[in-house]
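To start, the structure under review is shown below, and the notes come after it.
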Amino acid sequence: MGRRIAEVGHVALADRLCAVCTSRTPPTRPEDAARWLGELPQWRLEDGRLVRELRLPDFASALAWVDALGALAESVGHHPDLAFGWGWLRVTLWTHAIGALSDADFVLAAKIDRVLG
């Protein structure tokens, strides 16, 4: 069975590791998703996925954030769907391997928040 994020005391989501996800990774439990969404106020659930949208001043700013988030995703081995255009960026997280949200999605969302400020 896939691994869950170990809960030892309270460790901030952004300080946890993104577990490697496979087809055997368990989906996030609803009670964990509800609790973690409370720590991610700029994110919302949409069609079973975590979504955050940003308004930015121009295309170059959006592209710079795409580059920064791409580098973060590569460093943790978990990848969001990124869509962007002039003045906007949409980040969507869900675990493709299981077709649902995994704990790693919430961890990456917190890491993204830390980068975006």
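The figures that follow rest on heavy atoms only: side chains count, while hydrogens, waters and symmetry mates do not. We're numbering straight along the sequence, starting at 1.
When all heavy atoms of G48 and L101 are compared, the closest pair comes out as O-CG, 3.3 Å. Across every non-hydrogen atom of S102 and T28, the tightest pair is C-OG1, 2.8 Å.
Interatomic distance, CG of D103 versus CG of D32, reported as 6.0 Å (0.5 Å rounding). Atom OG1 in T95 sits 9.5 Å away from atom CG in L50 (nearest 0.5 Å). Between the CG atom in L45 and the CG atom in L93 there is a gap of 11.0 Å [rounded to 0.5 Å]. E39 CD to R35 CZ: the interatomic distance, rounded to the nearest 0.5 Å, is 7.0 Å.
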For residues 84-92, which side-chain N or O atoms pair as donor and acceptor with protein atoms under 3.5 Å away, sequence neighbours left out?
residue: R90; atom: NH1; partner: E53; partner atom: OE2; Å: 2.5
residue: R90; atom: NH2; partner: E46; partner atom: OE2; Å: 2.3

Listing, residues 62-78 side-chain donor-acceptor contacts under 3.5 Å, not counting sequence neighbours, or none:
residue: E74; atom: OE2; partner: H79; partner atom: NE2; Å: 2.8
residue: S75; atom: OG; partner: L72; partner atom: O; Å: 2.7
residue: H78; atom: NE2; partner: D105; partner atom: OD1; Å: 2.7

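The side-chain contact (heavy atoms from CB on, under 4.5 Å) test applied to A100 returns P27, I98, not counting sequence neighbours. Every ring-ring contact (aromatic ring centres under 6.0 Å, His included) that W94 has, sequence neighbours left out, goes to H96. Applying the side-chain hydrogen bond (donor to acceptor under 3.5 Å, both in side chains) criterion to D58, with sequence neighbours excluded, gives S61.
Under a hydrophobic clustering in which Ile, Leu, Val, Met, Phe, Trp and Tyr are joined whenever their side-chain heavy atoms come within less than 4.5 Å, directly or via other members, L54 and L37 fall into the same cluster. A single hydrophobic cluster is seen to contain both L40 and V107, as judged by linkage of ILVMFWY side chains at heavy-atom distances under 4.5 Å, directly or through other members.
Within the structure, the side-chain hydrogen bond (donor to acceptor under 3.5 Å, both in side chains) test picks out the following pairs touching residues 107-117 (sequence neighbours left out): D15-R114, W43-D113, R52-D113.
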